Amino acid sequence: MEDKLKSLLDTALQVISSSCSQEELDKIRVRFLGRKGELTQILRTMKDISPEERPRIGQMANEIRDRLETELTSQMNKIRHSLREKQLEKERLDVTLPGSTITIGHRHPLTLVLNQIISIFQRMGFDVVECPEVEYDYYNFEALNIPKHHPARDMQDSFYLTEEILLRTHTSPFQARTLEQLAPEVPVRVICPGRCYRRDPADATHSPMFYQTEVLVVDENISFANLKYTLLQFVREMFDEKRQIRLRPSFFPFTEPSAEVDISCLVCGGHGCNLCKGTGWLEVLGCGMVHPRVLEIAGYNPKKVSGFAVGMGPDRIAMLKYGIDDIRLFYENDLRFLHQF
Amino acid sequence: MRVPYNWLQDYLSETLPPPAELADMLTLAGLEVESIERAGTKIEQVVAAQVKEIKLHPEANHLLVVQVDAGPLGCKQVITSAQNLRPGLKVPLAFPGASLASGEIIEATRFRGLQSDGMLCSASELGFTETDDKQSHGILVLPDTTTLGANVADVLDLGDIVLDLDITPNRADCLSLIGVAREVAAAMGIKLVLPPARVPNDYCIKTPLDISIADPDLCWRYIGAVISNISITSSPTWLKRRLSAAGMRPINSIVDITNYVMLETGQPLHAFDYNKLAQRKIIVRRARPQEVLVTLDGIKRELTEEMLVIADSETAQALAGIMGGLASEITTTTNTVFLESACFASTNIRRTARSLGMHTEASFRYERIVDPEGALFATQRALTLLQELGVGEIKAICDVYPQPILPQEITLNTCRVRKLIGAPVENEFIKKALERLQLSVVPANTDTLKVTIPTFRSDLKQEADLVEEVARLYGFDRIPAAPLMGKIQVGKKPLELKVEQMIKSRLQSCGLDEVQTYSFVNPQSIAKMNLAPSHNNECPIPLLFPLSEEQSVLRTTLTPSLLEVAAINQRRKARSINIFEINRVYLPKKLPLTELPNMPRHLAVVLAGNAGEKSWHNLPPQNDFYRLKGIMETVVDQLGVSGKFVPITLTYYHPGRQAGFEVADHIVATFGELHPNVAEAFGLTDRVYTLELDLSQILPHINLTQRYQSLPRFPGIERDLALIVPESVASAAVMEVIINAAGPYLADIMLFDVYQGAPVPTGYKSLAYSLVFRASDHTLAEEEVSPYMTAILQQAEEKLGASIRH
């Protein structure tokens, strides 16, 4: 009997190891370990052996059963593994084929830049406010120290809707409106983005409609040095940490002193190139200390408080940042242009 | 303002730095140099040559064969058609390879069989104006003293460098070379040198001339001078060249001198033919009603009583401060000249110039205020030049100055200067800086200065203006950068802008591209929309002076602008156009406007063509009404706005494919398939879907509170249900019936199939729903759900005539 068991084990091991499918293994299991299987058949003859032998034979049979179970499972795993390998081999792809087209939407470059400007100033503690695009002559000019027939009105040819109402030519009316509303409260730290309009026919550098963002600070002891610091913070966050700024005296009726601000050229870094016309500098914005008249008109005492204002063109900044050479592209909305952002 | 470098040098005590350095210095002082031009540097290989012999061309009677002697460079033969040549004249000869002002390169050529070794040049070919051509009748004649063979660019000093300055409107004083020189002197700390302006003593300044100022509110000062025995000639070359370099056309000696002095001093001068002034009278007065004046440009001007004129005893002879009259123009026969140097009220000049559309060098300066004290200097300077050039004899001068304008005094607190600038500028520096600008400074006490402002700096009105002057001379670059101090506070943003950003992100993730279009539109584009008359679109606000018809009214809706963008892109072969814009529209409360209009923000979406790109791997997703509705739903869901979709009937949509979104009884958005007629009118092919939403109307209904809902702890029971209903029954009605009948355990319901066709009978449709029932506190048993399923069926049958589809 012992021999029979041994030969059963040998035969079974051999059959298992040469099997190559799950079905085959199932049959092998039935053949050796099933209720009518060979092992059972052998064990049926247990009654013919002596009682002293039985425990040993019984143990041997159990060991064989366990061994076969283990072998079956392991062979089963082997087969599954090799089947999967074959399957995977068949599924090989040409990974150089282009990926599926994922249609995503694009933000307009002006929105990207506007959002960035707003975010930078918001992080510096500036509130965002909005002011009307259609504006009274009073706020657009007079409250900003630009009386009627002032030559400074030449700087901004306007679209009038009536004698007293026009499309704002800059976001600066916000200075007058905000200060009028807040006076005499300090500190004032606000920013106003929005569309502006000037009677300039569209060409590569002019657009009858464009964006502006105005920044305004009023508090006790605000100095030109504060303005410079704030500009540096902004410029370095907007462009990069290497940017230098240069302030040039200029004229705006609602600031005094006034300055135009240049940044070191984004292409040549200041050595001179085509973009900066050899000067090494690019004009990005205008600014100045709020004119005492503007403070007075709004109801502040210019002897007690001072402030600074900054006006910048997101169109100009976007053009510099992305190297866009024609402002009309922003408002033409060619999808091939928009998809680049 | 064009500033010739060499000319500027005349007014400074020290040698100027090289042009590029000077330009930087001026720019940093606030006089922005826009460009540096080198007039005449293009002229090369053009030399002085003398005409030796002139013969007619044997083959062409309009051509001449000229032999010229270029000194050390030898004799040359040139073919020309010029008429002003005679032997002995010295003329410019361009050799082959020479480049002229236009950039043209000269080549050796043959004319009708004869060789031409170069070309004789006219004034304009060397960069002068065409007037000079007329005066010389052809080839430019060089001075007799010119050395043969000399480089003409050197002879004529053509290498002059011109700085083009952008003068800000406040700096009227810098609209002159002396003004610019004063700035240079201040910046460099050197001396300003004024040109000679002497009037010989034997002319009494009060010699009676008949000058009266009838309107002293508009004319502050009027100086007249009479010069007789005038010989009108062409000005000397140096003067013409300076005028040309500064951008003015040389005309004749008298006019050139007035222009020269204006460029030099900033004071406009005008010369009248004295004998043409009736009774030799000058009256400065407002124009009479219906008075007309033919100005120098030959145009008849109809004047109003607002306008100031210079008249003789009978009629207006000049438009004050703007342009002279044709009748008293200086001509070759003029014998006596009346020279005007006056100071007019800037606002009036500006108003007149604007209303007549006349912008002259004179009006440009008067509009920006001319220094009343400078008027006399300018007269004296002009008379000095007239004498120097021997143009005529000074007969009389008369100065009418009813109310002399006195210099203003400003008190400057130097502590405030330091506080405003934020730099340790010392009192001594402040004082010196202001003095360098020719202001006189007297210390009142330790930190107070009394500053007297000369009349030429009318822009300096108060302390802040002086602070700028100090800061400018201190140097903006030397001012340190100092952080803002104070409370730290979060920058806030209005809800509307936050919502705008949220919608933009959401639409971007839907695959839509953002566009930005003009706020002004063509009224035609609104007409193309075929809008119903009751719609407020019919009354857009017009611009008073639009740039073009395309941009003549403010839009009342965004959709037409987006349709135009779609059409442009479709013409450029874009296959999938999915765009949106959020911007304002302009709705007048009343026309014509008496107050600011309403300017609500709108969102518009236009879908045309495919919903996305196709590839080898995927078919392009399609646009249809339901995608648009999905976009609408995702926008309002994100904002927590609840409302309902309602039928609408707008003419610009497909009659059967449009809907409105209603919030609190107001339709806040409409969307649908664009009517094919409208699509066609915009030049769009295929179906187009549009949506427009009024953001201002949903703003009050927005709910951005986000609360977490606990995940279900017990399993739900899923049931599918397909109902067959008559075709006319709206899906929403079916949904409503189901929800009402489904009982408290209904957790979710989704329509997953809509089907028409066999075996569903004609006139009916099948709607299939997937329902999930769930209790929050126990696992539901079948028996708890079955009664509700029965109720749903029963209700659907009763209310909708529905039957179950097996």
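Just so we're on the same page: letters track the sequence lines, and every chain starts at 1. Note that the structure is predicted; figures quoted are calculated from it, not measured.
- A distance of 9.0 Å separates CD1 of B/Ile582 from OG1 of A/Thr111, quoted to the nearest 0.5 Å.
- Of the listed residues (B/Ala471, B/Gly30, B/Ala482, B/Gly612), the one with the most heavy-atom contacts under 4.5 Å to chain A is B/Ala482.
- A/His108 pairs in a side-chain contact (heavy atoms from CB on, under 4.5 Å) with only one of the listed residues (B/Lys504, B/Glu514, B/Glu581), which is B/Glu514.
- Between A/Phe159 atom CZ and B/Leu544 atom CG the span is 11.0 Å, to the nearest 0.5 Å.
- Contacts with chain B were tallied for A/Pro257, A/Pro249, A/Ser223; A/Pro249 has the most, counting heavy-atom pairs under 4.5 Å.
- Within the model, atoms NZ of A/Lys277 and OG of B/Ser35 stand 9.5 Å from one another, a figure rounded to the nearest 0.5 Å.
- No side-chain heavy atom of A/Asn226 sits less than 4.5 Å from a side-chain heavy atom of B/Pro483.
- More than 12 heavy-atom neighbours from other residues, nucleotides or ligands sit within 6.0 angstrom of NZ on A/Lys148.
- Within the 3.5 Å criterion, the main-chain N or O of B/Phe545 finds a donor-acceptor partner in the side chain of A/Arg199.
- Scanning both residues, B/Leu484 and A/Phe308, for their nearest heavy atoms gives CD2-CE2, 3.9 Å.
- Note on B/Thr594, B/Ile579, B/Asp24, B/Asn583: by heavy-atom pairs under 4.5 Å with chain A, the leading option is B/Asn583.
- In terms of heavy-atom proximity, A/Pro132 sits nearest to B/Met599 at CB-CE, 3.6 Å.
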Practice prompt. Could you check B/Arg416 against A/Ser306 for side-chain hydrogen bond (donor to acceptor under 3.5 Å, both in side chains), going step by step and ending with a plain yes or no?
Written response: CA-CA 11 Å; B/Arg416 207 143 46 228; A/Ser306 52; over 6 Å; no
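- In this structure a side-chain-to-backbone donor-acceptor pair under 3.5 Å is missing from A/Ser100 to B/His617.
- Side-chain atoms of B/Asn569 come within 3.5 Å of backbone atoms of A/Asn333 as a donor-acceptor pair (strictly under, hydrogens ignored).
- Minimum interatomic distance between B/Phe476 and A/Ala259 (heavy atoms only, all atoms of both residues): CE2-CB, 3.5 Å.
- The residue among B/Ser519, B/Ala574, B/Ser615, B/Pro592 with the most heavy atom pairs within less than 4.5 Å of chain A is B/Ser519.
- When each of B/Thr27, B/Thr347, B/Ile568 is checked for heavy-atom pairs under 4.5 Å with chain A, B/Thr27 comes out on top.
- If you check the side chains of B/Tyr586 and A/Glu133, you find a donor sitting under 3.5 Å from an acceptor.
- Annotation: B/Gln622, atom CD; neighbour count of heavy atoms from other residues, nucleotides and ligands within 6.0 Å is above 12.
- Between B/Ser576 and A/Thr103 there is no side-chain heavy-atom pair separated by less than 4.5 Å.
- Taking chain A as the reference chain and counting heavy-atom pairs below 4.5 Å, the highest number among B/Arg601, B/Glu564, B/Arg418 is found for B/Arg601.
- A donor-acceptor pair is defined here as one N or O able to donate and one able to accept, closer than 3.5 Å; such a pair exists between the side chain of B/Gln508 and the backbone of A/Gly105.
- Taking the side chain as every heavy atom from C-beta outward, B/Leu554 and A/Leu167 approach each other to under 4.5 Å.
- Residues A/Leu232 and B/Ala481 approach most closely at CD1-CB, 4.2 Å, considering heavy atoms.
- Atoms CD and CG, on A/Glu130 and B/Leu497 in that order, are 4.0 Å from each other to the nearest 0.5 Å.
- With a 4.5 angstrom heavy-atom cutoff, B/Ala20 does not touch chain A via any of its atoms.
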Please test A/Tyr211 against B/Gln516 for side-chain hydrogen bond (donor to acceptor under 3.5 Å, both in side chains), starting from the C-alpha separation and ending with a verdict.
CA-CA 11 Å; A/Tyr211 278 86; B/Gln516 293 269 7; 2.6 Å; yes
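- A heavy-atom distance below 4.5 Å is found between the side chains of A/Ile118 and B/Lys493.
- Taking the charged nitrogens against the carboxylate oxygens, B/Lys419 and A/Glu220 have no contact shorter than 4.0 Å, which rules out a salt bridge.
- In this structure the side chain of A/Arg293 never reaches within 4.5 angstrom of the side chain of B/Lys461, judged on heavy atoms.
- For chain B, the option among A/Asn221, A/Leu227, A/Asp219 with the highest count of heavy-atom pairs below 4.5 Å is A/Asn221.
- Here A/Ser258 contributes atom OG and B/Glu468 contributes atom CD; the two are 5.5 Å apart, rounded to the nearest 0.5 Å.
- For the pair A/Lys228 and B/Pro480, the minimum side-chain heavy-atom distance is 4.5 Å or more.
- In this structure, A/Gln122 contributes its side chain and B/Gly491 its backbone to a donor-acceptor pair below 3.5 Å.
- Salt-bridge formation is detected for the pair A/Asp334/B/Arg572: a Lys NZ or Arg NE/NH1/NH2 atom is positioned less than 4.0 Å from an Asp or Glu carboxylate oxygen.
- Side-chain contact of B/Gln501 with A/Asn115: a donor-acceptor pair under 3.5 Å is present, judged by distance alone.
- Aromatic ring orientation, A/Tyr197 versus B/Phe520: perpendicular (interplanar angle above 60°, classes split at 30° and 60°).
- The backbone N or O of A/Val128 lies less than 3.5 Å from no partner atom in the side chain of B/Lys492, so there is not a single donor-acceptor pair.
- Distance alone, capped at 3.5 Å, is enough to place a donor-acceptor pair between the B/Trp616 side chain and the A/Pro98 backbone.
- Interatomic distance, OH of A/Tyr331 versus OG of B/Ser561, reported as 13.5 Å (0.5 Å rounding).
- Among the candidates B/Pro546, B/Ser505, B/Pro620, B/Ala172, the residue making the largest number of heavy-atom pairs closer than 4.5 Å to chain A is B/Ser505.
- Looking only at side-chain heavy atoms (C-beta outward), A/Arg246 and B/Leu28 come within less than 4.5 Å of each other.
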